[in-house]
Undergrad: 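A single structure is presented below for examination.
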Amino acid sequence: MPKLRGEAFWRETLRSAHFVVAPMVDQSELAWRLLSRRHGAQLCYTPMLHAQVFLRDANYRRENLYGEACPEDRPLIVQFCANDPEVFVQAALLAQDYCDAIDLNLGCPQMIAKRGHYGAFLQEEWDLLQRMILLANEKLSVPITCKIRVFPDIDKTVKYAQMLEKAGCQLLTVHGRTKEQKGPLAGVASWEHIQAVRKAVNIPVFANGNIQCLSDVEECIRKTGVHGVMSAEGNLHNPALFEGRNPLVWEMAEEYLEIVQKYPCPLSYVRAHLFKLWHHTLQVYQQLREELAKVKTLEGIVDVNRELKLRCQEEIANQKEGEKPKEGLPFFHWICQPYIRPGPKERCKENGASGTEKGVRGKRTLEEEEDGNSELLSKNKQKKKLRNPNKSFDPSLKPKYAKCDQCGNPKGNKCVFNMCRGCCKKRAFKETADCPGHGLLFKTKYEKSLSWQHSQRGIQSPEMSQRGEAEMGEAVVLKEPGDSAV
């Protein structure tokens with residue numbers, strides 16, 4: 001059959017999907033995808049797979065895709081991270097029979113992506129991306145799609161999207177944040193960027209970012225004109241988000257655990273999902289939070305989930321008429337609801353003001369070092385303070401170190417090049433020099449090597465001369481007196 005493209009691919013293969021579950025590392029596994037599909041999700045992505053590992057490791061392929069084949073789990077898009085056209089396409093060829101499209105991850109902003117040189121850290125390498133998508137579009141029997149993050153500049157983002165479309169991308173997911181917007185600095189996603197991309201390209205576009213409930217989905221589609229909306233964090237805290245309802249947490253948790261019994265996955269995945277689902281309740285019941293973190297079996301996780309349910313039901317039974325949710329939550333903590341990630345300053349205030357006074361477990365506080373007075377310290381620094389009450393964490397009192405001339409790290413006090421050890425080692429090796437301060441003796445060792453080679457040649461010379469004299473003596477003895485040439 002001919003490969004469908006663009007709108008036809010979205011309409012027929014993806015069944016005009018509007019509600020999409022994002023690719024999430026260790027979180028969008030088969031069991032969670034099936035739960036999400038039961039509650040309104042129309043399209044799911046696998047977790048990001050590493051193309052090079054997928055290509056070389058049969059166990060990795062079985063554990064992450066082949067062993068998860070399930071008729072209910074379609075339509076499905078497999079996402080890869082890669083930075084080599086051949087490796088990407090070879091891995092995609094091994095996966096294409098198990099999915100409806102292959103997605104290239106160009107949106108991961110994490111440090112591991114920077115070290116591995118993939119995800120959002122490829123967004124400036126347009127020639128490489130063109131080659132990857134062109135080759136995939138030529139070799140694969142399923143369409144190639146991309147998930148990207150935006151540039152600060154809208155025009156550059158639009159040109160980026162158009163370049164991917166021209167190379168052969170058949171569907172584009174646009175996360176409306178830059179690669180620097182992550183963690184507590186995530187901020188608000190720009191729907192303006194997404195709208196501009198949607199107007200500039202002729203392929204289907206999915207939006208990602210700022211999705212906490214169904215009304216957000218509807219508003220996003222109305223404002224940007226996209227074909228569908230992808231959710232990650234919102235889906236993890238409320239799998240029924242696309243149904244437009246907020247169920248009791250234990251209903252979702254129990255249903256998920258039942259699916260896990262049929263389609264097993266690593267215990268760490270299950271634990272992480274329950275931490276998300278029970279997030280607000282675990283701030284109240286700290287002991288059960290610790291038990292959930294330590295439990296070693298699926299049965300143990302089921303027991304903790306049951307205990308959390310009983311605690312919540314008891315709390316509901318003792319609830320006073322007209323009582324409202326605490327901590328500024330829109331619903332009571334036993335109801336699935338979004339988690340709004342606080343910024344650095346908000347997190348600091350939240351932990352300092354309400355963390356211990358109200359019996360609610362606060363996350364580790366961040367240091368307030370703007371004015372040099374750090375009253376709020378991390379747990380680790382608080383322990384150090386207990387051991388040594390006179391210890392100060394004021395950055396203004398920290399010793400000032402002279403910097404390396406090359407990289408800016410602290411230099412060695414006795415370094416002959418005024419560099420840190422790493423830079424000093426490179427220079428000393430290049431110049432065959434010594435640096436006693438760092439214990440680097442390239443020059444000394446080289447001179448010793450030359451001296452040894454010279455001495456070896458001196459030892460060999462007398463032996464050679466003695467051997468030559470012996471051979472001459474033998475020749476004289478063999479020649480008898482009176483012999484002469486004829």
Side-chain angles (χ1 to χ4, degrees), residues 21 24-39 47 63 68 212 232-241 243 245-319 323 325-342 347 350-351 354-356 358-364 379:
V21 174
M24 296 174 283
V25 175
D26 298 345
Q27 296 282 263
S28 58
E29 82 287 354
L30 176 60
W32 188 259
R33 296 197 301 265
L34 292 177
L35 176 70
S36 299
R37 290 179 190 277
R38 290 183 185 181
H39 296 282
E63 291 168 5
E68 291 192 345
Q212 299 288 352
E233 284 282 333
N235 166 261
L236 290 175
H237 287 276
N238 180 10
L241 181 151
E243 288 183 321
R245 66 189 189 92
N246 299 86
L248 294 166
V249 173
W250 62 79
E251 288 181 4
M252 293 292 98
E254 288 174 346
E255 187 175 356
Y256 171 66
L257 290 170
E258 286 177 9
I259 298 173
V260 170
Q261 297 277 5
K262 186 176 180 181
Y263 299 101
C265 64
L267 198 67
S268 60
Y269 297 7
V270 182
R271 193 197 322 274
H273 280 303
L274 263 67
F275 268 118
K276 292 283 188 182
L277 288 170
W278 285 108
H279 174 82
H280 298 292
T281 300
L282 291 172
Q283 307 304 308
V284 178
Y285 300 112
Q286 300 175 46
Q287 184 182 354
L288 290 175
R289 180 187 182 89
E290 300 302 326
E291 288 184 25
L292 181 58
K294 294 176 182 177
V295 71
K296 302 293 185 184
T297 63
L298 183 60
E299 292 72 21
I301 288 181
V302 171
D303 291 341
V304 174
N305 185 70
R306 188 183 300 113
E307 183 60 28
L308 282 164
K309 175 182 176 180
L310 293 173
R311 297 277 184 99
C312 290
Q313 288 176 332
E314 185 179 342
E315 198 172 332
I316 293 169
N318 297 328
Q319 195 174 11
E323 189 175 342
K326 299 176 182 178
E327 303 298 325
L329 297 177
F331 305 103
F332 289 101
H333 61 78
W334 53 80
I335 294 174
C336 289
Q337 57 194 295
Y339 166 63
I340 309 298
R341 191 191 300 270
R347 190 190 296 271
E350 174 187 300
N351 292 335
S354 61
T356 53
K358 299 185 180 181
V360 178
R361 181 187 181 278
K363 289 191 175 181
R364 186 178 68 178
K379 288 182 178 178

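Worth saying up front: this structure is predicted, and the values here are computed from it rather than measured.
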Undergrad: Quick one: closest heavy-atom pair of Gln212 and Gly234, and the distance?
TA: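 Smallest interatomic distance, heavy atoms only, reads OE1-CA, 4.2 Å.
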
Undergrad: Side-chain contact, heavy-atom cut-off 4.5 Å: Pro264 with Glu29?
TA: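 Pro264 vs Glu29: side chains apart.
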
Undergrad: Hey, does His280 have a side-chain heavy atom less than 4.5 Å from the side chain of Tyr339?
TA: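 In contact.
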
Undergrad: Can you tell me how far the CZ atom of Arg271 sits from the NZ atom of Lys294, to the nearest 0.5 Å?
TA: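 Rounded to the nearest 0.5 Å, the CZ-NZ separation comes to 11.5 Å.
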
Undergrad: Which pair of heavy atoms, one from Leu277 and one from Ala253, lies closest together, and at what distance?
TA: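 It is CD1-CA, 4.0 Å.
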
Undergrad: For Leu329 and Pro325, which heavy atoms make the closest approach, and how far apart are they?
TA: O-CB, 3.4 Å

Undergrad: When rounded to the nearest 0.5 angstrom, what is the spacing between CD1 in Ile301 and CG in Leu267?
TA: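 The CG atom of Leu267 is 4.0 Å from CD1 of Ile301, to the nearest 0.5 Å.
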
Undergrad: If every non-hydrogen atom of Arg289 is compared with every non-hydrogen atom of Gln283, which pair is closest and at what distance?
TA: NH1-NE2, 3.4 Å

Undergrad: Can Leu248 and Ile335 be said to form a side-chain contact (heavy atoms from CB on, under 4.5 Å), step by step?
TA: CA-CA 5 Å; Leu248 294 166; Ile335 294 174; 4.3 Å; yes

Undergrad: Quick one, His333 and Glu327 - any side-chain contact, counting heavy atoms below 4.5 Å?
TA: no

Undergrad: To the nearest 0.5 Å, what is the distance between CD (Glu233) and CD (Gln27)?
TA: 9.0 Å

Undergrad: Has Gln319 got more than 12 heavy atoms of other residues, nucleotides or ligands less than 6.0 Å from its CD?
TA: yes

Undergrad: Please examine the side chains of Asn305 and Trp278, heavy atoms only from C-beta on, and report whether any two atoms are closer than 4.5 Å.
TA: yes

Undergrad: Given side chains that start at C-beta, do those of Trp250 and Leu308 come closer than 4.5 Å, heavy atoms only?
TA: no

Undergrad: Please evaluate residues Asp26 and Ser268 with respect to the criterion side chain to side chain donor-acceptor pair (under 3.5 Å), reporting the C-alpha separation (whole Å), side-chain torsions for both, the decisive distance (0.1 Å), and the verdict.
TA: CA-CA 8 Å; Asp26 298 345; Ser268 60; 5.7 Å; no

Undergrad: Counting distance only, does the side-chain N/O of Asn238 pair as donor-acceptor with the main-chain N or O of Pro247 below 3.5 Å?
TA: no

Undergrad: Take Leu298 and Gln261, measure what side-chain contact (heavy atoms from CB on, under 4.5 Å) needs, and give me the verdict at the end.
TA: CA-CA 9 Å; Leu298 183 60; Gln261 297 277 5; 3.9 Å; yes

Undergrad: Distance check, rounded to the nearest 0.5 Å: Ser28 atom OG versus His273 atom NE2?
TA: 8.0 Å

Undergrad: Rounded to the nearest 0.5 Å, what separation is found between the CG atom of Leu236 and the CG atom of Leu241?
TA: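 Taking CG in Leu236 and CG in Leu241, the distance rounds to 10.5 Å.
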
Undergrad: Heavy atoms, side chains only, cut-off 4.5 Å: are Val270 and Cys265 in contact?
TA: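 Result yes, sub-4.5 Å side-chain heavy-atom pair found.
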
Undergrad: Could you pull out the closest heavy-atom pair between Leu288 and Val304, with the gap in Å?
TA: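 For Leu288 versus Val304, the nearest heavy atoms are O-CG1, 3.9 Å.
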
Undergrad: Please walk me through it: do Val260 and Tyr269 pass side-chain contact (heavy atoms from CB on, under 4.5 Å)?
TA: CA-CA 10 Å; Val260 170; Tyr269 297 7; over 6 Å; no

Undergrad: Is any side-chain heavy atom of Val21 less than 4.5 Å from a side-chain heavy atom of Arg33?
TA: no

Undergrad: Can any side-chain N or O of Gln337 pair as donor or acceptor with the backbone N or O of His237 at less than 3.5 Å?
TA: no

Undergrad: Got a second to check how far Ile316's CD1 is from Trp334's CH2, nearest 0.5 Å?
TA: 5.0 Å

Undergrad: With salt bridge (charged side-chain N to carboxylate O under 4.0 Å, His left out) as the test, would you mind laying out the steps for Arg311 and Glu307 before giving the verdict?
TA: CA-CA 6 Å; Arg311 297 277 184 99; Glu307 183 60 28; 3.0 Å; yes

Undergrad: Do Phe331 and Cys336 have side chains that get closer than 4.5 Å, going by heavy atoms?
TA: no

